[in-house]
Amino acid sequence: QVPFVESGGGLVRPGESLRLSCASSAITFSLHDMGWYRQVPGKRQRELVASMSASTNTNYSDSVKGRFTISRDNAKNTLYLQMSSLKPEDTAVYYCKPLTWNMWGQGTQVTVSS
């Protein structure tokens, strides 16, 4: 059973926006420090681009700061990543998971291309 289900990816043009969602029936997001990661094609390592603590403190990588916003809906137990001003270098598979877990979902593909 996949612990996290990411959705909302797609093909967009540079400058456009997307909102990713992450749902789980395995954990309650508000009790965990959560992160959005991405894996660029051809690279093995996944990059942490945004995180939100259980107390809703947020942090962003320099590559997405000012363009991406992480948020959480406790009632829906859903984590979001609002992505704006997308660039071709944002093309990647995006994943969500608790910061301290080593368990991954299937991710959602984001492709930014003209």
Any donor-acceptor pair under 3.5 Å linking the side chain of [X] with the backbone of [Y]?
| X | Y | result |
| --- | --- | --- |
| Arg13 | Ser114 | yes |
| Thr91 | Val112 | yes |
| Gln106 | Val5 | no |
| Ser24 | Pro3 | yes |
| Asn77 | Ile27 | yes |

Provide the closest heavy-atom pair for [X] versus [Y] in the form atom of the first, atom of the second, distance.
| X | Y | value |
| --- | --- | --- |
| Met83 | Val110 | CE-CG2, 3.8 Å |
| Ile70 | Tyr60 | N-OH, 2.9 Å |
| Cys96 | Phe4 | O-CD1, 3.5 Å |
| Glu47 | Ser61 | OE2-OG, 3.8 Å |
| Leu79 | Arg72 | CD1-CB, 4.2 Å |
| Ser30 | Ala54 | O-CB, 3.4 Å |

When the ring planes of Trp104 and Tyr37 are compared, do they come out parallel, tilted or perpendicular, using 30° and 60° as the limits?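 The arrangement is perpendicular - the two ring planes meet at more than 60°.
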Nearest-0.5 Å distance that lies between atom [atom1] in [X] and atom [atom2] in [Y]:
| X | Y | atom1 | atom2 | value |
| --- | --- | --- | --- | --- |
| Asn59 | Leu48 | CG | CG | 8.5 Å |
| Trp36 | Ser51 | CH2 | OG | 13.0 Å |
| Thr78 | Phe29 | OG1 | CZ | 6.5 Å |
| Glu16 | Ser84 | CD | OG | 11.0 Å |
| Lys97 | Glu6 | NZ | CD | 11.5 Å |

Treating Ile, Leu, Val, Met, Phe, Trp and Tyr as nodes and any side-chain heavy-atom pair under 4.5 angstrom as an edge, say whether [X] and [Y] lie in one connected cluster.
| X | Y | answer |
| --- | --- | --- |
| Trp101 | Met34 | yes |
| Val93 | Leu20 | no |
| Leu86 | Tyr80 | no |

So does Glu89 have more than 12 non-hydrogen atoms from other groups sitting under 6.0 Å from CD? yes
Mind checking whether Thr58 and Thr69 have side chains closer than 4.5 Å, heavy atoms only?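 No; the side chains remain at least 4.5 Å from each other.
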Ion pair Lys65/Asp62, N-O distance below 4.0 Å: yes
Show your reasoning for whether side-chain contact (heavy atoms from CB on, under 4.5 Å) applies to Leu11 and Ser113. CA-CA 7 Å; Leu11 172 62; Ser113 175; 4.3 Å; yes
